[in-house]
Protein chains: 4
Amino acid sequence: MNFASDNAYGVLPQVWAALHAADQGTALAYGNDSATKNLTARFAERFERDVAAFPVFTGTAANALALACLTPPFGAVLCHKDSHIMTSECGAPEFFSGAKLIGLDGADGKLTPDGIAEALEGLDGSVHSVQPRAISVSQASELGTVYTAAELTAISTLARAKGLKLHMDGARFANAMAHLGGTAADATWKCGVDVMSFGATKAGALAAEAVVFFDPALAGEFEYRRKRGGHLASKMRFVSVQLEAMLQDDLWLASGARANALATQVASQLKQVTDIEIAYPVETNMVFARMPAEKAARMRAGGVQFHDWFPVQKDGTVITRIALAFATPDEHVARLIELAKK
Amino acid sequence: MNFASDNAYGVLPQVWAALHAADQGTALAYGNDSATKNLTARFAERFERDVAAFPVFTGTAANALALACLTPPFGAVLCHKDSHIMTSECGAPEFFSGAKLIGLDGADGKLTPDGIAEALEGLDGSVHSVQPRAISVSQASELGTVYTAAELTAISTLARAKGLKLHMDGARFANAMAHLGGTAADATWKCGVDVMSFGATKAGALAAEAVVFFDPALAGEFEYRRKRGGHLASKMRFVSVQLEAMLQDDLWLASGARANALATQVASQLKQVTDIEIAYPVETNMVFARMPAEKAARMRAGGVQFHDWFPVQKDGTVITRIALAFATPDEHVARLIELAKK
Amino acid sequence: MNFASDNAYGVLPQVWAALHAADQGTALAYGNDSATKNLTARFAERFERDVAAFPVFTGTAANALALACLTPPFGAVLCHKDSHIMTSECGAPEFFSGAKLIGLDGADGKLTPDGIAEALEGLDGSVHSVQPRAISVSQASELGTVYTAAELTAISTLARAKGLKLHMDGARFANAMAHLGGTAADATWKCGVDVMSFGATKAGALAAEAVVFFDPALAGEFEYRRKRGGHLASKMRFVSVQLEAMLQDDLWLASGARANALATQVASQLKQVTDIEIAYPVETNMVFARMPAEKAARMRAGGVQFHDWFPVQKDGTVITRIALAFATPDEHVARLIELAKK
Amino acid sequence: MNFASDNAYGVLPQVWAALHAADQGTALAYGNDSATKNLTARFAERFERDVAAFPVFTGTAANALALACLTPPFGAVLCHKDSHIMTSECGAPEFFSGAKLIGLDGADGKLTPDGIAEALEGLDGSVHSVQPRAISVSQASELGTVYTAAELTAISTLARAKGLKLHMDGARFANAMAHLGGTAADATWKCGVDVMSFGATKAGALAAEAVVFFDPALAGEFEYRRKRGGHLASKMRFVSVQLEAMLQDDLWLASGARANALATQVASQLKQVTDIEIAYPVETNMVFARMPAEKAARMRAGGVQFHDWFPVQKDGTVITRIALAFATPDEHVARLIELAKK
C-alpha cells in the first residue's frame with residue numbers, strides 16, 4: 001500500500017485512450033504534429049488568454065527550462081528553502097539557467113512578501129552580487145499548502161515593483177486548484193504569474209508536463225533551450241495528447257480533487273489519534289503527520305509505505321508524509337487509518 | 001506518405017502491451033521500480049557482459065549524458081562533421097559535458113583512423129587547447145552507412161592508444177545490426193566501444209532510449225547527471241518496459257531489418273531511374289537519392305514527403321533523404337517508386 | 001581617508017622592485033618562465049611540504065578555480081551564509097564548478113562542525129539532491145574573525161569522515177596568521193586544509209593570488225580550468241614575482257600584522273565611546289562598529305570613508321565596517337578615532 | 001633570442017610610469033576609481049564615438065566575455081578554423097557564452113563573405129541546430145594578415161543582413177593598424193564592428209586588455225559577467241592606467257609599428273634565402289617561414305627561439321613562426337637573419 005508518492009500510480013484510462021488514438025498513420029516528428037500545434041490553443045482556452053505552451057516529459061525539465069527563460073546566468077531566483085527546485089532537482093534549475101537559487105524561510109512551505117523584501121535588501125544590487133530576476137512559488141507547496149490568490153498577488157506585486165518575474169511550479173497544480181476553487185485564470189496570471197510548470201503526471205498522465213507562458217513574449221528562447229536540454233521528443237504527439245486528455249473536461253482537476261478528498265479524510269481520522277499530530281494545514285493531497293518514530297515503523301510493518309519527510313527529532317518523533325493520489329484505493333486508506341489507530 | 005523521418009510512425013503492439021502491463025497497482029517512483037532495476041540485467045544478457053544501463057526519453061539526452069560521463073569541461077570529443085551530435089542537437093552534448101566537439105571529414109559519413117590521427121596531431125596537448133578525451137561514432141551514421149567491426153576496432157585501437165574513450169550513437173543501432181549480422185557484443189564492446197546510446201524509439205518504442213556502459217565503472221556520475229538534466233522520469237517504469245519489450249525476442253532487430261529491407265528495395269528500383277543517382281551506400285534504412293530539384297518537387301506533389309538533406313547544388317540537383325521505417329506500408333513504397341519512375 | 005577597503009592602498013616597494021627586476025630581457029610566455037616555475041618551490045618551503053601552487057590575478061578566480069577542482073557539477077559546497085564566495089562573487093564559484101553553494105549559519109562568520117553535520121543530514125544522499133563534496137572556510141572570515149587550529153581540525157575531521165574536501169579562502173590569510181602566530185603549516189594542512197586561496201593583493205601586491213594545493217594530486221585539472229577561465233596570464237612572470245616578493249622574509253605576514261595592529265588600536269579606542277559597540281571579536285584588520293546611523297553620517301562628513309556592512313536597524317543603529325590596511329597612515333587612524341569620540 | 005612570442009618582452013617605460021603614478025594615496029576598489037571611470041572617455045576619443053570600455057587582464061578573458069554578450073547559450077559564433085578563439089583558448093569562449101564556435105576555412109587566416117554565407121546555409125535555422133548570432137574576426141589574424149576596410153565591411157554587411165553581431169579579436173590590433181594606416185574608427189565601427197578586444201599586453205603593457213563596445217547598448221551584461229568570471233580586479237586602477245598610458249600619444253600604435261618594421265625586414269631578408277619560403281603575406285609582426293625542419297633545428301641551436309606553427313610536412317619542411325615585438329633588439333634580428341642565411 002503505497003503512500004510514499006503520488007507518482008506511485010499509473011495512467012488514467014482517458015490518457016491511454018488518447019495515446020492509442022494518436023497512434024494512427026504517421027505524424028511529423030519533433031512537435032510538428034497537429035496535436036502539439038493545437039496544444040497552445042487548448043491551454044489558451046483553459047486559462048482564458050493567449051499563452052505559449054510547450055510539452056516536456058518531466059517536472060524538473062519544466063521548472064528548469066522555464067526559469068532559464070527568466071534569468072541570465074548571473075541572476076538569482078528566490079524560492080522557499082524547502083521547495084522542490086531548491087532541494088530535490090539535483091541542481092537542474094541552476095544547470096539550465098546558470099542562476100543562483102536563494103532559499104528563504106516561510107511558514108508552512110510558503111514564501112511571504114516580507115521574507116522576499118528582506119532578502120532583496122540583502123542583495124546589494126552591486127556587481128558583486130547575483131542579480132535577483134525571478135521568484136518561484138510552488139502551488140501546492142512541498143508541504144501541501146496552497147497560496148491564496150491574495151497571497152500570490154501580494155508576491156507578484158512586489159515582484160513587479162522590483163523587476164522580477166514570477167514562476168509557479170505547478171507539479172501539484174491540480175491539487176491546489178481543487179482546494180482553491182475558482183478558475184485557473186484567477187489562480188495564475190490574474191495573480192501576476194508569468195510562467196508556470198503545469199503538472200499532469202502526478203494527476204494521471206504517463207509522462208507529461210507543460211510549460212505555460214502567460215506572456216508569450218517570454219517564450220522566445222524556450223524551444224532552443226528545450227532541444228539543447230534533450231527534452232524535444234521525437235514522437236512528441238504522444239506527450240501532447242496526454243496533456244490534451246488531461247485538459248479535456250478538466251480531467252486533471254477531478255483527479256486532484258479525488259486525491260485531496262482522500263487526504264482530508266486521512267487527516268480528520270489521524271487527528272483523533274492521541275500520539276499523532278498534523279504538522280501542516282492539509283489543503284491538498286498530502287498529510288504530514290508527526291508521530292513517534294516507532295509508531296511509524298509499526299505502521300510500515302503493517303504494510304503501508306510512506307516517507308519520513310524530516311530527520312527524526314530528539315523527542316523521538318518524526319514528521320512523516322502520507323501522499324494520496326488520484327487512484328489510491330479506498331481500502332488502502334481504510335487500512336492506513338486502522339494501522340494508525342492501533 | 002511519410003518518408004521524411006523514421007520517427008513518423010508510432011508504437012509497436014508489443015510495446016503497447018508492455019506499457020499496459022506496467023500499469024498494475026503501484027510502483028516506486030524515479031526508477032526504484034522493478035522493471036528499471038531489472039533493465040541492466042536485460043541489457044547484460046543481450047550484450048553478453050556486465051553493463052550498466054539507464055533509460056532516458058530521447059536520443060539527444062542519451063548522447064549528451066553519455067558524453068558528459070567521458071570528458072571534463074575542457075575536453076574535446078572527435079566526431080564526424082555531419083554527425084547528429086555535431087549538427088542536430090542544438091549543442092546539447094556541449095551543454096551537458098562542457099566539452100568541445102571537433103567535426104572531422106570522412107567519406108560516407110564515417111570517421112577514419114587517419115582522419116582522427118591527423119586531428120589529434122593538430123591538438124597540441126598544451127594547456128591552450130582543449131584536451132581530446134572521447135571519440136563518438138554513429139552506428140548507423142547520419143548517411144545510413146555502417147562501420148564494419150574491423151573499422152570500429154581500428155578506431156578504438158587508436159582511441160585506446162591515445163587515452164580516449166569511444167562512444168557510439170546507436171539511434172539506428174537496430175538498422176546497423178540488421179545490416180551487420182552477428183551479435184550485438186561483436187559489434188560493440190568487442191570492437192572497443194565503451195558506452196553506447198541504444199535507440200529504441202525509431203524502431204517502434206514510444207519514447208525510450210538507453211545509455212549502456214560496457215565499462216560500468218564509467219557510469220559513476222550518470223544518475224546524478226541524468227537527474228540534474230531533468231531526465232529522471234517519475235514514472236520510470238513506463239520507459240523501462242518499452243526497452244524490455246524491444247529487447248524481448250530481439251524485437252528491435254526485426255524492426256530494423258524490416259526498415260532496411262524496404263530501403264534496399266527502394267534503392268534497387270531508384271537506381272534504375274535515369275535521373276536518379278544513389279549518393280551513398282544503402283546499408284540501412286535510408287536512401288540518399290540525388291535527383292533534379294524539380295523532380296523532387298513533382299514527387300512531393302504526388303503525395304510523398306521527404307527531406308532535401310543538403311542544399312540544392314549548382315547543377316540543379318539535390319540529395320534527398322528517403323527514410324524507411326519499421327511500419328512503412330508496402331503500398332507507400334510502391335507509390336514512391338512509381339512517382340520516381342515517372 | 002579610506003577605511004572602506006583593504007584594497008584601497010597600492011603596492012609595497014618590495015613588490016615594485018620585484019616587478020622591475022622581472023622586466024629584464026625576455027621570458028617564455030604563459031607561465032613557462034623561471035619565476036613561475038619556481039613558485040611552487042617557494043610555497044613548498046613556506047608551507048613545509050610538497051604543494052602545487054598556481055598564480056592568478058584575483059581572489060575570486062582563486063576561489064572559483066580551486067573549488068572547481070574539488071567538486072563535480074552536481075556537487076555542493078558548504079560555506080558560511082555570509083562568506084565572500086556566497087555573497088560577493090556574483091556566482092563565480094557556481095559558474096566555474098557547476099556546484100551549488102549551501103550557506104550555513106554560524107556565530108561571528110564562522111562555520112561549526114554541528115552546523116555542518118546538521119546540513120549534511122538534510123542532504124539525503126539520493127540522486128534528487130546535490131552531493132556535498134567540499135567545505136569552504138574563510139580565514140580570516142568576512143567578519144574578521146579567525147578559526148583556531150582546533151576549530152579547523154574539528155571541521156576537517158568531519159569533512160574527512162564524510163568524504164568532503166576542505167578549501168580555505170585566504171584572501172586575508174596574512175591577517176589571520178598574524179593573529180594566530182605559529183607556522184603557516186600549523187594553520188593549514190596540519191589542520192586538514194586540502195587547498196587554499198592565498199591572498200597577496202590585500203597585503204600589498206598589485207594583483208596576485210595563488211591557489212595552493214596541499215595535495216598536489218588534486219591539482220590535475222587546474223591548469224586547463226585556469227586557461228579556460230581566461231586566467232592564464234601571457235606575461236605570467238609579473239604575477240609570479242609579486243608572490244615571490246610577498247613570501248620573501250614573510251613580507252605578507254608583516255603586512256598583515258601592521259593592519260591588525262591598527263585595528264586593535266581602533267577597536268580599543270572605539271570601545272570607550274558610549275554610543276559605539278564593537279559587534280564582533282576584533283582579531284584581524286577589520287573593526288565592525290555598531291553606532292547610530294547619524295553618527296556614521298557625521299563621521300563620513302568629517303572625511304572618513306567606510307561601509308555600512310548590514311542594513312540600518314530599526315533602532316537607528318548600523319553595523320559599520322572599518323577596514324585597516326598595511327599602509328593606512330597613523331594620522332588617518334588618529335583622525336578616525338577623534339571623529340568617533342566627538 | 002626570443003622570436004617565439006610577442007609576449008616575451010616586458011613593459012614599456014611609459015606604462016611603468018603610469019603604474020607608479022597610480023600608486024598614490026588610496027583609490028576606491030573594484031573599478032570605482034577615477035582612472036577606470038575615465039577610461040571609457042579615453043577610448044571614446046580614440047575611436048571618435050561613444051563607446052563602453054572595460055579593462056580586463058587577458059586577451060582570452062576579453063574575447064570570451066565580449067562574445068558572451070553577443071550570443072545566447074544556444075547560439076553559434078562563426079570564426080576562422082585557425083583563429084585563436086577556436087584553437088588556443090581551451091574553450092574559454094564556449095565556457096563563458098555557452099555557444100558553439102564554428103570554424104571556417106579561408107585563405108591566409110581570414111574569413112570571407114562567401115565562406116560565411118555557405119556556412120550559414122548549412123545551419124538550417126531549425127530548433128535542431130545552434131543559431132548563428134555572431135561572427136568573430138581576428139585583426140591581425142593568427143597568420144599575421146590584415147583585413148582591409150573593404151573586406152571587413154563586406155563581412156559586416158552580411159552579418160547585418162543575417163542578424164549577426166561582429167566581434168573583432170584585436171590582440172594585435174596595434175600591428176594591424178600600423179599596417180592599415182588611417183584612423184581606428186575607420187578600421188572598426190565604420191566597418192561595422194560591434195565590439196572589439198583591444199590588446200595592449202603584446203604592445204608593451206604588463207597585463208591589460210580592453211573590451212570596447214561600439215554600441216554601448218550591447219554592454220548591459222558585461223560587468224556582471226566579468227565579475228562572475230573572476231575578472232574584476234580589486235585594484236583595478238593598475239589595469240586601467242596601463243591602457244591610458246598605451247592610448248596616450250598613440251603609444252600602442254608606435255609599438256605595433258616598430259614590431260611590424262622588424263618583421264618586414266626579416267621577411268625581406270629571408271625571402272632571399274633559397275631554402276626558405278614566406279608562407280603568408282607579411283603584413284604585421286609575424287613571419288611564417290617554411291623551411292627544412294633540420295634548418296629550423298640548426299637555427300635554434302644557434303640560439304634563436306621560435307615555434308613550428310604547423311606539424312612537419314611529409315617533404316620534411318615545416319612552417320615556423322617568427323614573432324617580432326616592440327622591444328626585439330636589432331642585434332637579435334641581425335643574428336636571426338645571419339643564422340637563416342647559413
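Within every chain, numbering begins at 1; the chains are lettered A, B, ... in the order of the sequence lines, protein sequences first and strands thereafter.
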With a cut-off of 3.5 Å and sequence neighbours excluded, list every side-chain donor-acceptor pair involving residues 4-15 of chain D.
from  : atom 1 : to      : atom 2 : distance (Å)
S5(D) : OG     : N7(D)   : N      : 2.8
D6(D) : OD1    : R172(D) : NH2    : 3.1
D6(D) : OD2    : R172(D) : NE     : 2.7
D6(D) : OD2    : N285(D) : ND2    : 2.9
N7(D) : OD1    : S234(C) : OG     : 3.4

(request) Could you check whether the rings of F95(C) and F95(D) sit parallel, tilted or perpendicular, using 30° and 60° as the cut-offs? (result)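 Rings of F95(C) and F95(D): parallel, as their planes differ by under 30°.
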
Part of [X] within contact of chain D (heavy atom distance under 4.5 Å):
{"X": "T328(C)", "value": "neither"}
{"X": "L19(C)", "value": "both"}
{"X": "A207(C)", "value": "side chain"}

(message) Counting only non-hydrogen atoms closer than 4.5 Å, does A327(D) touch chain C with its backbone (N, CA, C, O), its side chain (CB onward), both, or neither?
(response)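 No part of it gets close to chain C.
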
(message) Can you tell me which portion of Y30(D) sits under 4.5 Å from chain C's heavy atoms? Options are side chain, backbone, both or neither.
(response)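 The side chain, not the backbone.
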
Report the option among [options] that has the most heavy-atom pairs separated by less than 4.5 Å from atoms of chain C.
{"options": "M1(D), R225(D), E94(D), H20(D)", "value": "H20(D)"}
{"options": "G25(D), A22(D), C90(D)", "value": "C90(D)"}
{"options": "V56(D), L232(D), T58(D)", "value": "T58(D)"}
{"options": "A233(D), G229(D), A29(D), G91(D)", "value": "G229(D)"}
{"options": "H231(D), Q305(D), M236(D)", "value": "H231(D)"}

Are any of the side-chain heavy atoms of [X] and [Y] separated by less than 4.5 Å?
{"X": "V239(D)", "Y": "F57(C)", "value": "no"}
{"X": "N2(D)", "Y": "L28(C)", "value": "yes"}
{"X": "K235(D)", "Y": "L206(C)", "value": "no"}

Pairs of heavy atoms under 4.5 Å with chain D: top-ranked of [options]:
{"options": "A325(C), A92(C), A61(C)", "answer": "A92(C)"}
{"options": "R237(C), R228(C), E89(C)", "answer": "R228(C)"}
{"options": "L65(C), T60(C), N63(C)", "answer": "T60(C)"}

